[in-house]
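Since the model is a prediction, treat every value here as computed from it, not as a measurement.
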Amino acid sequence: MAKKKKLLLISTGGTISQDKNLLGKSRVLENKSAKVFATQLRKIGKRLNIEIEPKELMDKDSSNIVPSDWNAMIGNIVDAYDNYDAFLITHGTNTLGYTCAALAFALGNLGKPVILTGAQVPHGEPGSDAVMNLENATRVASQCERLVGVVAVFGSHIITGVRVKKRTEFAYDAFTTFGSASSLGRIGRELSWNQLALDRHNSFMNPTAEIKGQLDVKATFEMDIVSLTEFPGLRWRFFKVLVDSGVKGILYRAAGAGDPNVVPKNKSFENLREGFEYLRAKKIPIVVTTQAAEGMASMDVNEPGKFASELGAIAAWDMSLEAMTVKLAWLLGRGVSYEEIRTSMLKSLRGEIDPIRSQHQATREA
């Protein structure tokens with residue numbers, strides 16, 4: 001008989017860790033959710049030849065998750081790395097995409113899967129998807145011979161960690177793969193893998209760590225960053241106010257294909273050019289994405305985007321807001337220089353940028 005695999009089930013809170021009290025109101029499972037889940041998964045674990053060990057890490061609504069919580073999850077995975085074949089984290093849905101991205105960037109060379117899941121309906125309520133998502137995540141964890149790195153399992157989707165996007169607060173299939181990239185697989189009666197997407201996902205972990213000492217752990221995040229949305233009439237001086245108050249990086253949602261209002265100074269209306277010039281002079285990186293829900297920020301389509309690029313702005317291409325936010329915080333936290341940040345943000349380090357876009361950027365730079 002094959003050796004039994006070991007799965008560490010880490011509970012961090014969220015809707016999946018709630019049930020109903022006697023008055024019918026949602027409540028957390030009194031710091032027992034991981035044990036409850038492990039008990040309920042015992043049957044599927046037996047069928048999959050996988051032993052599930054529970055650990056209660058925290059009970060937090062994911063809206064309240066902060067980087068120190070990411071570090072707690074990372075620390076638990078690193079400390080237990082040599083003793084388990086896979087790791088499953090239950091998490092609230094509101095910031096699941098940010099946590100997935102944080103773990104994906106911080107944990108380099110993972111040779112084992114780290115799977116995150118949650119629920120739309122609290123455990124114990126009629127129609128709850130908690131147990132289904134847990135069972136599906138466990139099924140994926142049992143495939144540890146073919147999967148490494150950070151992924152989310154939710155509803156019928158298996159999603160690479162840097163492309164996790166919540167699409168709806170209502171439906172069971174709340175998460176899908178952001179952008180034009182493909183999911184790693186779908187879950188139904190059987191697991192159906194997209195081998196091309198899976199191979200690309202796994203490739204970012206090479207060479208994979210067999211033991212704890214081989215892990216490439218970089219888990220410092222600089223959170224003195226802000227996210228701004230452009231609108232007609234936004235004043236450039238606010239960039240100066242932010243930088244003078246200590247901001248070290250900016251995520252910027254512009255119109256179109258990443259087209260901020262930065263036309264040359266000889267135009268007859270006020271614009272943001274002086275703000276972008278100030279950022280460049282102070283070496284404060286600004287990453288420009290698009291407000292278009294299905295758009296992409298290449299900054300090479302229209303005149304405003306080209307001007308912004310000349311002023312030092314960084315195109316986000318098809319990165320999700322979650323991925324680009326965490327990636328910028330992660331690079332700043334490592335003390336990476338302004339010039340290197342401008343280069344690294346344009347590289348796909350964990351699969352956060354479409355390979356065609358990465359190749360196009362490399363060709364354009366050459």
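Residues Ala101 and Val162 come closest through the heavy atom pair CA-CG1, 4.5 Å. Contact between Phe276 and Ala313 at its shortest, heavy atoms only, is CE2-CB, 4.0 Å. Heavy-atom minimum distance, Ser11 versus Ala34: CB-CB, 3.7 Å. Between Asp259 and Pro304 the shortest heavy-atom distance is CB-CB, 3.9 Å. Across all their heavy atoms, Ala119 and Asp129 have their closest contact at CB-OD1, 3.4 Å. Closest of all the heavy-atom pairs between Val148 and His201 is O-NE2, 2.6 Å.
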**Report entry** side chain to side chain contact (heavy atoms under 4.5 Å, CB included) assessment of Asn76 paired with Met73
**Finding:** CA-CA 5 Å; Asn76 272 258; Met73 297 176 212; 5.9 Å; no
Query raised in the report: Step by step, would you call Glu274 with Arg237 a salt bridge (Lys or Arg N to Asp or Glu O under 4.0 Å)?
Result: CA-CA 8 Å; Glu274 288 185 64; Arg237 66 179 180 272; over 6 Å; no
Report task. Start with the C-alpha distance between Val78 and Leu107, add both sets of side-chain angles, then the distance that settles side chain to side chain contact (heavy atoms under 4.5 Å, CB included), and finish with yes or no. Result -> CA-CA 9 Å; Val78 172; Leu107 291 167; 3.9 Å; yes
Report task. Check step by step if side chain to side chain contact (heavy atoms under 4.5 Å, CB included) holds for Ile159 and Thr177. Result -> CA-CA 6 Å; Ile159 309 167; Thr177 298; 3.5 Å; yes
Query raised in the report: What's the verdict on side chain to side chain contact (heavy atoms under 4.5 Å, CB included) for Leu349 and Trp330, showing C-alpha distance, side-chain angles and the deciding distance?
Result: CA-CA 12 Å; Leu349 304 179; Trp330 180 68; 3.7 Å; yes
Report task. Go through Thr176 and Arg167 one step at a time and tell me if the side-chain hydrogen bond (donor to acceptor under 3.5 Å, both in side chains) criterion holds. Result -> CA-CA 7 Å; Thr176 55; Arg167 301 286 190 181; 2.8 Å; yes
Query raised in the report: Checking side-chain hydrogen bond (donor to acceptor under 3.5 Å, both in side chains) for the pair Trp317/Ser298: CA distance, chi angles, key distance, verdict?
Result: CA-CA 5 Å; Trp317 290 96; Ser298 63; over 6 Å; no
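Listed by chain and number, the residues in a ring pair (Phe, Tyr, Trp, His ring centres under 6.0 Å) with Trp193 amount to none (sequence neighbours excluded).
Contact check for Val164 versus Phe178: no side-chain heavy atoms found under the 4.5 Å cut-off. Between Ile65 and Tyr98, every side-chain heavy-atom pair lies at or beyond the 4.5 Å cut-off. Between Lys60 and Val66, some side-chain heavy-atom pair lies under the 4.5 Å cut-off. Residues Trp236 and Arg273 have side chains not in contact (no heavy-atom distance under 4.5 Å, counting atoms from C-beta outward). Leu228 is listed as a side-chain neighbour of Phe239, based on a closest heavy-atom distance under 4.5 Å. Ile341 is listed as a side-chain neighbour of Pro285, based on a closest heavy-atom distance under 4.5 Å. Counting heavy atoms from C-beta on, the side chains of Val153 and Ile187 come closer than 4.5 Å. No side-chain heavy atom of Val288 sits less than 4.5 Å from a side-chain heavy atom of Ile314.
Note: Thr325 OG1 to Ile225 CD1 = 6.0 Å, rounded to the nearest 0.5 Å. Atom CG of Asp300 is separated from atom NZ of Lys306 by 7.0 Å, given to the nearest 0.5 angstrom.
Checking Asn94 against Ser63 by side-chain atom types alone, a donor-acceptor pair falls below 3.5 Å. Between the side chains of Ser183 and Asn194, not a single donor N or O lies within less than 3.5 Å of an accepting N or O. For the residue pair Asp244 and Tyr278, a side-chain donor N or O sits within less than 3.5 Å of a side-chain acceptor on the partner. Side-chain atoms of Gln195 and Arg200 include no donor-acceptor pair closer than 3.5 Å. A donor atom on one side chain and an acceptor atom on the other are found under 3.5 Å apart for Thr93 and Lys166. When only modelled atom types and interatomic distance are considered, Asn271 and Asn261 share no side-chain donor-acceptor pair under 3.5 Å. In summary, the side chains of Thr12 and His91 do not present any donor paired with an acceptor at a separation below 3.5 Å, with no hydrogens or angles considered. Between the side chains of Lys6 and Asn83, not a single donor N or O lies within less than 3.5 Å of an accepting N or O. Checking Ser156 against Arg186 by side-chain atom types alone, a donor-acceptor pair falls below 3.5 Å.
Under a hydrophobic clustering in which Ile, Leu, Val, Met, Phe, Trp and Tyr are joined whenever their side-chain heavy atoms come within less than 4.5 Å, directly or via other members, Met58 and Ile74 fall into the same cluster. Val151 is connected to Leu191 through a chain of hydrophobic side-chain contacts under 4.5 Å among Ile, Leu, Val, Met, Phe, Trp and Tyr, so both are in one cluster. Note on Met223: it clusters hydrophobically with Leu331, by side-chain heavy-atom contacts below 4.5 Å among ILVMFWY residues. In this structure, Met345 is a member of the same hydrophobic cluster as Leu321, with clusters built from ILVMFWY side-chain heavy atoms closer than 4.5 Å. Follow the hydrophobic side-chain contacts under 4.5 Å out from Ile211 and you never reach Val217; the two are in separate clusters.
The main-chain N or O of Leu134 is found under 3.5 Å from a side-chain atom of Thr138 such that the two form a donor-acceptor pair. A donor-acceptor pair is defined here as one N or O able to donate and one able to accept, closer than 3.5 Å; no such pair exists between the side chain of Thr15 and the backbone of Pro122. Remark: side-chain polar atoms of Ser62 are paired, donor with acceptor, to backbone N or O of Thr95 under 3.5 angstrom. Distance alone, capped at 3.5 Å, places no donor-acceptor pair between the Thr208 side chain and the Gly111 backbone. Within the 3.5 Å criterion, the main-chain N or O of Ala152 finds no donor-acceptor partner in the side chain of His157. Of the possible polar contacts, none joining the Thr99 side chain to the Leu96 backbone as a donor-acceptor pair under 3.5 Å is found. A distance-only check finds a donor-acceptor pair linking the side chain of Asn109 to the backbone of Pro207 [under 3.5 Å]. Tyr81 places a side-chain N or O within donor-acceptor distance of the main-chain N or O of Ala209, the cut-off being under 3.5 Å. Of the possible polar contacts, none joining the Asn202 side chain to the Leu147 backbone as a donor-acceptor pair under 3.5 Å is found. Using modelled atom types, one side-chain atom of Asn133 and one backbone atom of Gly155 make a donor-acceptor pair closer than 3.5 Å.
Both tests do not hold together for Lys112 against Phe87: distance to the six-membered ring centre under 6.0 Å, angle to the ring axis within 45°.
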Please list every donor-acceptor pair under 3.5 Å in which a side-chain atom of residues 37-47 meets a protein atom from a residue at least two apart or in another chain.
{"from": "Thr39", "atom 1": "OG1", "to": "Lys35", "atom 2": "O", "distance (Å)": "2.9"}
{"from": "Gln40", "atom 1": "OE1", "to": "His123", "atom 2": "NE2", "distance (Å)": "3.1"}
{"from": "Gln40", "atom 1": "NE2", "to": "His123", "atom 2": "NE2", "distance (Å)": "3.2"}

Residues 251-258, side-chain donor-acceptor partners within the protein, below 3.5 Å, at least two apart:
{"from": "Tyr252", "atom 1": "OH", "to": "Glu230", "atom 2": "OE1", "distance (Å)": "2.6"}
{"from": "Arg253", "atom 1": "NH1", "to": "Thr229", "atom 2": "OG1", "distance (Å)": "3.2"}

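For Glu210, the CD atom sits in a loose shell: 12 or fewer heavy atoms of surrounding residues, nucleotides or ligands are nearer than 6.0 Å. More than 12 heavy atoms of other residues, nucleotides or ligands sit less than 6.0 Å from atom CD of Glu145.
Remark: Glu51 does not engage Lys5 in a salt bridge, criterion side-chain N to carboxylate O under 4.0 Å. A salt bridge is absent between Glu322 and Arg163; no separation between the charged side-chain nitrogens and carboxylate oxygens falls under 4.0 Å.
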